[in-house]
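Note sheet for the following structure.
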Amino acid sequence: MTLRLHNTLTGRKEDFEPLEAGHVRMYTCGPTVWNYAHVGNLRAFLFYDLVRRHLRVSGYRVTHVMNLTDIDDRILDQAMHARTTIEEYVKPYAQAFFEDMAALRAERAEHYPRATEHIPEMVDMISSLIEHEYAYIADGDVYFRIDSFPRYGELSHLDRAGLKAGVRVATDKYEKESVSDFALWKRSHPEDEEIGASWDAPFGKGRPGWHIECSAMSKRYLGDTLDIHAGGIDLMFPHHENEIAQSEAANHKTFARVWLHSEHLSDATGEKMSKSAGGFTTLRDLVAAGHDPLAVRMFLIANAHYRSRVRLSPEALHAAAEQVRRLREFAERLDRTTPAGEDDHALARRTAEVRAGYRDALDDDLNLPQGVGLVFDHLREANAALDAGRVGPLNKDALRALLSDVDAHLDVIRAEEPGLAEEVERLIAERETARRERDFARADRIREDLKSRGIALEDSKDGVRWRRLRPAERS
RNA sequence: GGCGACGUAGCCAAGUGGCAAGGCAGAGGUCUGCAAAACCUCCAUCCCGAGUUCGAUUCUCGGCGUCGCCUCCA
């Protein structure tokens, strides 16, 4: 099967083919670093990670750009209150973003451009838009003239008549020709200078509007036409619509060929998680509550398809954690296993089927939940075969390959801490001696002692194994 | 008001015009000094009604319910 992706532009799944053979140019809307990212934000970012991983699995070279919005109204407000510059204000949150992404094992993008470092590119683009009358200056601000771009609304399938009807009156503080026109540039106020949020431009001192940064930075790093542009579904309108208008008006080329949008994560009440609405959960919150970041990763990318809404719940996180544990347990067991003399041909056939099915599921608009389901089904068969000692050398290799396929997307199997703690090994040996002498009281004491330190022991025919307990498992 | 999505077991969730994946939780069992892991067994007439069809959870229409976008937002 070839890779098929659901393109918001057409509302259909389409065969994917990049403009340049073998090379995908992808732009994804990153965080506004005015605060910690909440888990809903992270869902979108891990969705981007899934896309890029699958593209790479599919043999493409990927140039992935994810922006950091380090200037916007919220940042201005916060910096002003904190009496600092926007640059200083944003620092810890930008750092926290990269820490969160690392903890969640998101692959790094090729470029993380920041808005404030690309003002000249934005100014150029705005100048060109003004020159060609796609934009106009009003009272020091610069607006995009929506009437100049007839295709406005195509992505979000909103017609312009409906838009105008829906717009609230609150935006009337600006001198706009039309209520739907959006800001490309906002003129400076005296306070903006003090917090480092003001730049010179031919059309007057000011700061960029939000939308223009993506148009300018994607052009700078990826050119006029992107193969894939992705973002959370709430960005579809107006942000992505505005990006299309700006870029296509300025470049006279198709801006993005495929648009991917990931659905929202809702909070415990079932409503969209959002910063402005109050209750939101960060990765830090979940870790403090005893959740493994990789369980969070598993939950966010594999619990439900990216285009369906999911609700954050302790039960779902627990289920994801169990899935991670089962995968690891199986991987370790496989590694320990000495292959049987001959291979189980039925098992080999099934493993091959599952590998193909997994691949097909991912090719079908990144249906990771379905793929993972197939794999867990097969894990049961494989565990039974291991129980029965029926796993031969080829079986073992094939199962390893299956795990490797799955972990290319999930990336949760690899253990965090390489190397065994020697002390644990020593205590295990001590306990084995006690068990041989049938001193079970002492054996249990050692096991309990290790458990209290976060290490679980498991006795089996092949000897004693140990693993780290998740914080939530300790008691 | 306009546009749109969704409603599958106690929970999460995939999916198909032809007897409904997977995970979590639960019950019973095998194994084990005990436990854990693993395995086995059990656990769904797919929101309601009508229609199309030999046959619908899957298509159409109508209800009811939940949610999203139309405004900053991943």
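Throughout, protein chains are lettered first and strands after them, A, B, ... in sequence-line order, and every chain is numbered starting at 1. Any value given below was found using the heavy atoms of this structure, including those in side chains, with hydrogens, waters and symmetry copies removed.
Closest to the side chain of A/Pro238, from the set B/C39, B/G22, B/C72, is B/C72. Residue A/Ala319 places its side chain closer to B/C24 than to any other of B/A36, B/C24, B/C67. Out of B/A37, B/A74, B/A38, the shortest distance to the side chain of A/Met273 is found at B/A74. Proximity note for A/Phe376 (side chain, C-beta onward) versus B/C12, B/G23, B/C69: the nearest is B/G23. The nucleotide whose nearest atom lies closest to any side-chain atom of A/Arg326 is, among B/A74, B/C12, B/C39, B/C39. In the set B/A37, B/C24, B/A13, B/A37 carries the atom at the smallest distance from any side-chain atom of A/Glu458. Candidate nucleotides B/C69, B/G22, B/G15 were compared by shortest atom distance to the side chain of A/Asn367, and B/G15 ranks first. With B/A38, B/A36, B/A13 as the candidates, the nucleotide lying closest to the side chain of A/Arg333 is B/A38. When the nucleotides B/C69, B/C12, B/A25 are ranked by their closest atom to the side chain of A/Ala316, B/C12 comes out on top.
Separating the C1' atom of B/C40 from that of B/A74 is a span of 44 Å, rounded to the nearest Å. The same atom, C1', is picked in B/U66 and in B/C54; the two are 36 Å apart, to the nearest Å. Taking atom C1' in both B/A13 and B/G49, the straight-line distance is 27 Å, to the nearest Å. Taking atom C1' in both B/U8 and B/A14, the straight-line distance is 10 Å, to the nearest Å. Atom name P, nucleotides B/U16 and B/C47: the rounded distance is 16 Å, in whole Å. Rounded to the nearest Å, the gap between the P atom of B/G63 and that of B/C70 is 26 Å. Using C1' as the reference atom, B/C46 and B/A20 are 7 Å apart when rounded to the nearest Å. Across the P atoms, B/G4 and B/C61 are found 12 Å apart, a figure rounded to whole Å.
Ion pairing between A/Asp444 and A/Arg431 fails under the 4.0 Å rule for side-chain N and carboxylate O. Salt bridge annotation for A/Glu14-A/Arg4: absent, with no cationic side-chain nitrogen under 4.0 angstrom from a carboxylate oxygen. Note on A/Arg52 versus A/Glu110: salt bridge recorded, some NZ/NE/NH1/NH2 to OD/OE distance being below 4.0 Å. With respect to A/Asp459 and A/Arg435, a salt bridge is recorded, a charged nitrogen being found less than 4.0 Å from a carboxylate O. One finds a salt bridge joining A/Glu154 and A/Arg151 here, because a Lys/Arg side-chain nitrogen approaches an Asp/Glu carboxylate oxygen to under 4.0 Å. Using a 4.0 Å cut-off between charged side-chain N and carboxylate O, A/Arg307 and A/Glu263 make no salt bridge. A salt bridge links A/Arg53 to A/Asp49: at least one charged side-chain nitrogen sits closer than 4.0 Å to a carboxylate oxygen. Between A/Asp77 and A/Arg74 there is no salt bridge, since none of the side-chain N atoms of the basic residue sits less than 4.0 Å from a carboxylate O of the acidic one. Ion pairing between A/Asp335 and A/Arg400 holds under the 4.0 Å rule for side-chain N and carboxylate O.
One donor-acceptor pair, N or O on each side, does fall under 3.5 Å between the base of B/C34 and the side chain of A/Asp459. On a pure distance criterion of 3.5 Å, no polar donor-acceptor pair joins the side chain of A/Asp377 and the base of B/G23. For a distance-only test at 3.5 Å, the side chain of A/Arg309 fails to qualify as a donor-acceptor partner of the base of B/C6. For A/Arg447 against B/A35, a side-chain-to-base donor-acceptor contact under 3.5 Å is present.
Across all strands shown, B/G10 pairs with B/C24; the Watson-Crick or G-U wobble distances both stay below 3.5 Å. Here B/U53 sits opposite no nucleotide as a Watson-Crick or G-U wobble pair (both hydrogen-bonding atom distances under 3.5 Å). Checking B/A44 for Watson-Crick or G-U wobble geometry (two distances, each under 3.5 Å) identifies no partner in any strand. When both distances must be under 3.5 Å, the Watson-Crick or G-U wobble mate of B/C67 is B/G4. The partner of B/U30 is B/A38, judged by Watson-Crick or G-U wobble contacts that both fall below 3.5 Å. With both pairing distances under 3.5 Å, B/U16 is matched to nothing as a Watson-Crick or G-U wobble pair.
For the OP1/OP2 pair of B/A13 and a distance below 4.0 Å, the side-chain nitrogens and oxygens of A/Arg307 include no atom meeting the criterion. Here A/His157 does not reach the OP1 or OP2 of B/G4: none of its side-chain N or O atoms lies under 4.0 Å away. In this structure, A/Arg325 reaches the B/A38 phosphate: one of its side-chain N or O atoms is under 4.0 Å from OP1 or OP2. The side chain of A/Lys272 contributes an N or O atom lying less than 4.0 Å from OP1 or OP2 of B/C69. Under 4.0 angstrom from either OP1 or OP2 of B/A74 there lies at least one side-chain N or O belonging to A/Thr32. Dashed line: the shortest gap from a side-chain N or O of A/Ser308 to OP1 or OP2 of B/A14 is under 4.0 Å.
The one candidate from A/His64, A/His240, A/His229, A/His111 that meets the ring-ring contact (aromatic ring centres under 6.0 Å, His included) condition with A/Tyr27 is A/His229.
Going from atom CH2 of A/Trp259 over to atom C1' of B/A74 covers 14 Å, rounded to whole Å. Atom CD in A/Glu432 sits roughly 12 Å away from atom P in B/G33 (whole-Å rounding). For the pair A/Arg311 CZ and B/G68 C1', the computed distance is 14 Å after rounding to whole Å. At whole-Å resolution of the value, NE2 in A/His261 and C1' in B/C3 are 16 Å apart. Between the NE2 atom of A/His305 and the C1' atom of B/A14 there is a distance of 11 Å, given to the nearest Å. One can place CZ of A/Phe330 at 16 Å from C1' of B/G22, the figure rounded to the nearest angstrom. As a whole-Å value, the separation of A/Asp234 CG from B/C67 C1' is 14 Å.
A/Gly231 comes within contact range of the sugar-phosphate backbone alone, with a heavy-atom separation under 4.0 Å but no base atom that close. Contacts of A/Gly373 with the nucleic acid, taken as non-hydrogen atoms under 4.0 Å apart, include base atoms. Using a 4.0 Å heavy-atom distance criterion, A/Arg431 is classed as a base contact. Among the atoms of the strands shown, only primed sugar atoms or phosphate atoms (P, OP1, OP2) are found under 4.0 Å from some heavy atom of A/Arg380. At the heavy-atom level, A/Leu265 lies under 4.0 Å from base atoms of the strands shown.
With RNA chain B read from its 5' end, the first of the two nearest nucleotides for A/Gln370 and A/Asn383 is the one closest to A/Gln370. Along RNA chain B, the nucleotide nearest A/Gln323 and the nucleotide nearest A/Pro31 are compared for position; the residue whose nucleotide lies closer to the 5' end is A/Gln323.
B/G33 has its base stacked against the ring of A/Phe440, the centroids being under 5.5 angstrom apart at an interplanar angle below 30°.
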